[in-house]
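Here is the structure we will look at.
Naming: A, B, ... by sequence-line order, numbering from 1 per chain.
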Number of protein chains: 2
Amino acid sequence: MTRRGSYAKGIAKREEILATALEVVDRAGFRGASVRELADAVGLSQAGLLHYFDSKEELFTAILRKRDEVDTSRTDPGADMVETLLDVVRHNAETPGLVQLFASTSVAATSDVGHPAHDWFVDRYANVLAHLAGAVRARQDAGEIDPAVDADRLARVLVAVSDGMQVQWMLDPEVDMAASIELVWRLALAAVGSGAGATGASGTA
Amino acid sequence: MTRRGSYAKGIAKREEILATALEVVDRAGFRGASVRELADAVGLSQAGLLHYFDSKEELFTAILRKRDEVDTSRTDPGADMVETLLDVVRHNAETPGLVQLFASTSVAATSDVGHPAHDWFVDRYANVLAHLAGAVRARQDAGEIDPAVDADRLARVLVAVSDGMQVQWMLDPEVDMAASIELVWRLALAAVGSGAGATGASGTA
DNA sequence: GTCTATAATTTGATAGAC
DNA sequence: GTCTATCAAATTATAGAC
């Protein structure tokens, strides 16, 4: 019954800690918080908290993992992926601390191959991109998006807008992150049959 | 002749240091580098380097400022702002260290009002957004972009794509950051007269 | 399983000689 | 103006008592 990487570590309690940590980061924000701060917040000593996680990075990554889990369960599995993305982004606007944690961790982990969360981010982006590209292709098949548009590229744009708007939103919480994604999507739908996909290169990267 | 904030600090030498630091970060990368590391690289002791900058954050911000300066001088002042953005982003793909430094500093500074670089980022984004929105409006006046599209919002999208693609590019340097911006721009131009601007809210945020 | 205590570093910043 | 030396603080991680 033990899970890979967390053998003998009291999984139930671990989950409980993560649930609490999620709320704490959400409410109190994340300002490069230390393990000790988070430990205090969840009602454990620093050593007590690290008993459940191998390192600081593993701890914070676990929180992000948990966040994804919660988002997934809150979200309609049958919904269009773009709608799901919009839903998650709208929800993000109510969890500043998690946006902060995600933004800083994503930069740290993606820019360092040795970071404990690097591989997780690789998988996460690959997964989201694949789903979004699928949604784009579905619209292309339905004749609603110009088939000349590179679906993978448009998927990357949607993810980039989601990530990039977080910075602008942190600078000014009045900014509507979801509306930016909607604008891109609307433009893609409106540009059907206008040759917007025309480009020199045909590669996807 | 002394400048605000750098009185009695040997401006010429400071500039020389920044020029070197720019190259160093560019070449050697930036992995949350310490002042000491950078000091070694520019041929000064840690104390010697901090003689020219009030703090670590001020130092790294100065590097980013310098980068902008160099970009501005490398760039055609009369060019369309979107073309300029593309030019800068294409150039970024050749300076991984600076992208890394920018990404992590922007997250740290925007998420913390007390960060020494916070105000600079506020100004920087306001400036870039204003220029891009102007470029959008020019196209709208020329009938090349649907006037119903919110120019400020499209400007935010362009900036968000630029920022967001940096993360995807750090995960995979094969990714073409500029091509994503081009796609958005092409979609905007292609969607003219198709009602893509239609939306419930009319606010810009 | 949780805590106390502490190890082992590291870092930014300052004081003061030269 | 630059360096050496050092400070003071903070952090993660671990060892070991209970």
Side-chain angles (χ1 to χ4, degrees), chain A residues 1-3 5-21 24-25 28-64 101 104-105 108-109 112 114-118, chain B residues 1-3 5-21 24-25 28-64 101 104-105 108-109 112 114-118:
Chain A
M1 228 11 172
T2 50
R3 289 253 197 75
S6 52
Y7 35 81
K9 281 258 170 134
I11 295 181
K13 175 82 181 195
R14 202 182 124 117
E15 285 303 304
E16 183 197 320
I17 289 172
L18 283 179
T20 308
V24 167
V25 171
F30 166 83
R31 201 185 263 356
S34 66
V35 174
R36 195 168 265 112
E37 285 177 82
L38 197 54
D40 290 350
V42 303
L44 276 177
S45 71
Q46 185 234 16
L49 179 53
L50 280 187
H51 173 69
Y52 292 95
F53 303 91
D54 292 336
S55 71
K56 178 198 181 176
E57 280 89 5
E58 211 240 319
L59 164 60
F60 287 124
T61 308
I63 296 178
L64 289 175
L101 175 62
S104 50
T105 306
D112 177 7
H115 192 286
H118 183 85
Chain B
M1 232 6 172
T2 50
R3 289 253 197 73
S6 51
Y7 34 80
K9 282 260 168 131
I11 296 181
K13 175 82 181 191
R14 202 183 124 117
E15 284 303 305
E16 184 197 318
I17 290 173
L18 284 179
T20 309
V24 168
V25 171
F30 166 83
R31 202 184 262 358
S34 65
V35 174
R36 204 169 254 109
E37 285 176 82
L38 197 53
D40 289 348
V42 303
L44 277 176
S45 70
Q46 186 233 14
L49 179 53
L50 279 187
H51 173 69
Y52 293 95
F53 304 91
D54 292 336
S55 72
K56 178 198 181 175
E57 280 89 5
E58 211 240 319
L59 164 60
F60 286 125
T61 308
I63 296 177
L64 289 175
L101 175 61
S104 50
T105 306
D112 177 7
H115 192 285
H118 183 86

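Arg14(B) and Ala62(B) get closest at one heavy-atom pair: NH2-CB, 4.0 Å. Closest approach of Ala33(B) and Lys56(B) over heavy atoms only: O-CE, 4.0 Å.
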Exercise for review: Show the numbers, then the answer: is there a side-chain contact (heavy atoms from CB on, under 4.5 Å) between Phe53(A) and Ile17(A)?
Suggested key: CA-CA 11 Å; Phe53(A) 303 91; Ile17(A) 289 172; 4.2 Å; yes
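The 5' end of DNA chain C is approached more closely, in terms of each residue's nearest nucleotide, by Leu49(A) than by the other of Arg36(A) and Leu49(A). Across the interface with DNA chain D, nearest-nucleotide mapping of Ala47(A) and Gln46(B) shows Gln46(B) to be the residue nearer the 5′ end.
The listed nucleotides are dT11(C), dT2(C), dT12(D); the one nearest the side chain of Glu37(B) is dT11(C). For Tyr52(A), the side-chain atoms get nearest to dG1(C) when compared with the rest of dT12(D), dG1(C), dG12(C). Out of dC3(D), dA13(C), dT11(D), the shortest distance to the side chain of Ser34(A) is found at dT11(D).
The CG-P distance, from Leu50(A) to dC3(C), rounds to 12 Å in whole Å. One atom, CD of Glu58(A), and another, C1' of dT11(D), lie 18 Å apart when rounded to the nearest Å. Protein atom CZ of Phe60(A) is 7 Å distant from nucleotide atom P of dT12(D), rounded to whole Å. The separation between Leu44(B) atom CG and dC3(D) atom C1' is 10 Å, rounded to whole Å. Asp54(B) places its CG atom 13 Å from the C1' atom of dT14(C), with the value rounded to the nearest Å.
A donor-acceptor distance shorter than 3.5 angstrom exists from the side chain of Glu58(A) to the backbone of Asp54(A), with no hydrogens or angles considered.
Residue contacts for Ser45(A): at a heavy-atom cut-off of 4.0 Å it reaches a base atom on one of the strands shown.
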